[in-house]
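Note that the structure is predicted; figures quoted are calculated from it, not measured. Whatever order the structure lists them in is the order used to number ligands and atoms, beginning at 1.
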Amino acid sequence: MNIILLGPPGAGKGTQAKKLEDKYGLKQLSTGDMLRAEIAAGTDLGVQAKQIIDRGDLVSDDIIIGMISSRTEQDDCQNGVIFDGFPRTVAQAEALENMLSDKGQRIDAVIELKVDEEALVGRLENRIAEMKAAGQEVRSDDNAETLRHRLATFREQTAPIIPFFADKDMLRTVDGMQAIDAVEAAIDAVIDEAKTVS
Ligand code: AMP
């Protein structure tokens, strides 16, 4: 089973993806985490990506598609994947569909976490304050100014994949402003429905 979690930065995709990983035996693939690993390892890709990420822009489709395509070949992805933060453009969505269909697989559910953008900025500011108070490292693109740019990037470049999947009747929307447990229950219901279809 392959699931896409879709939503603006800070919508809770990562939190929910981790829960799904354990429950359904799927592998969470976060392109953001993969890029941060490249940065930490100091690779050429990481050096290029850091500037783009710190601005809140998108890394090129070619790089992202290449990265996902080789990662999904690995053994731990064979049970299925929860895509977190990917696809972020219609070109990435089309590439993913082709990639999966070449393997005789498909996207089983696209789950949009719908959230209020203004509330996201508030949530992020709280999270940063909490992390700083706990002495934890804060991501270099986690600040209110970059978040606003990331939200604009989402509206302009990522939001078009919502009608792309809705037109194929693959999109299911969950209210991401609910408590974490309620969001989780709503996602479970979507996955149960997808299971009965397959
Ligand atoms: P995230 O951790 O998903 O919020 O991603 C952090 C940053 O990594 C984004 O703001 C982008 O700059 C970059 N990034 C992550 N995933 C993608 C993607 N699928 N396409 C393009 N850029 C991405």
Side-chain angles (χ1 to χ4, degrees), residues 2-21 26-73 77 81-100 107 110-115 117 119-128 131 136-162 164-165 171 176 183:
N2 295 295
I3 295 165
I4 295 175
L5 284 185
L6 187 62
K13 301 186 294 293
T15 305
Q16 295 296 335
K18 289 230 155 51
K19 291 173 180 285
L20 295 176
E21 231 185 359
L26 304 172
K27 181 71 196 164
Q28 172 197 18
L29 288 192
S30 153
T31 39
D33 284 349
M34 291 161 79
L35 291 167
R36 283 184 286 278
E38 296 282 341
I39 295 173
T43 64
D44 287 348
L45 195 163
V47 171
Q48 281 180 44
K50 179 160 174 40
Q51 296 178 357
I52 300 170
I53 293 175
D54 285 351
R55 281 201 306 267
D57 287 329
L58 293 188
V59 174
S60 80
D61 286 337
D62 285 354
I63 290 181
I64 298 287
I65 292 165
M67 215 169 68
I68 279 284
S69 150
S70 51
R71 185 65 186 83
T72 50
E73 291 300 319
C77 292
V81 172
I82 308 147
F83 294 97
D84 161 10
F86 172 86
R88 260 176 157 100
T89 62
V90 170
Q92 292 180 16
E94 287 172 338
L96 178 62
E97 283 193 321
N98 292 335
M99 219 182 285
L100 291 174
I107 300 162
V110 180
I111 305 174
E112 179 198 5
L113 297 184
K114 216 177 177 61
V115 287
E117 283 197 11
L120 287 186
V121 178
R123 264 195 202 175
L124 176 86
E125 282 171 340
N126 286 340
R127 193 174 82 209
I128 293 173
M131 289 176 78
Q136 290 169 356
E137 199 181 328
V138 176
R139 269 168 57 172
S140 58
D141 61 342
D142 259 353
N143 57 70
E145 192 191 333
T146 308
L147 178 69
R148 285 193 191 280
H149 189 80
R150 286 159 66 200
L151 288 170
T153 303
F154 177 83
R155 274 195 303 273
E156 287 157 22
Q157 298 186 59
T158 306
I161 68 180
I162 296 172
F164 174 86
F165 285 123
L171 186 82
V183 175

Is there a donor-acceptor pair under 3.5 Å between the side chain of [X] and the backbone N or O of [Y]?
X: S69; Y: M99; value: no
X: Q157; Y: T153; value: no
X: K13; Y: G85; value: no
X: R71; Y: L29; value: no
X: Q28; Y: E21; value: no

### Query
Have T146 and D141 got a donor and an acceptor in their side chains that come within less than 3.5 Å?
no
### Task
Using a strict cut-off of under 4.0 Å between a residue heavy atom and any atom of ligand 1, list the qualifying protein residues by chain and number.
T31, G32, L35, R36, I53, D57, L58, V59, I64, G85, F86, R88, Q92, R139, D141, R150
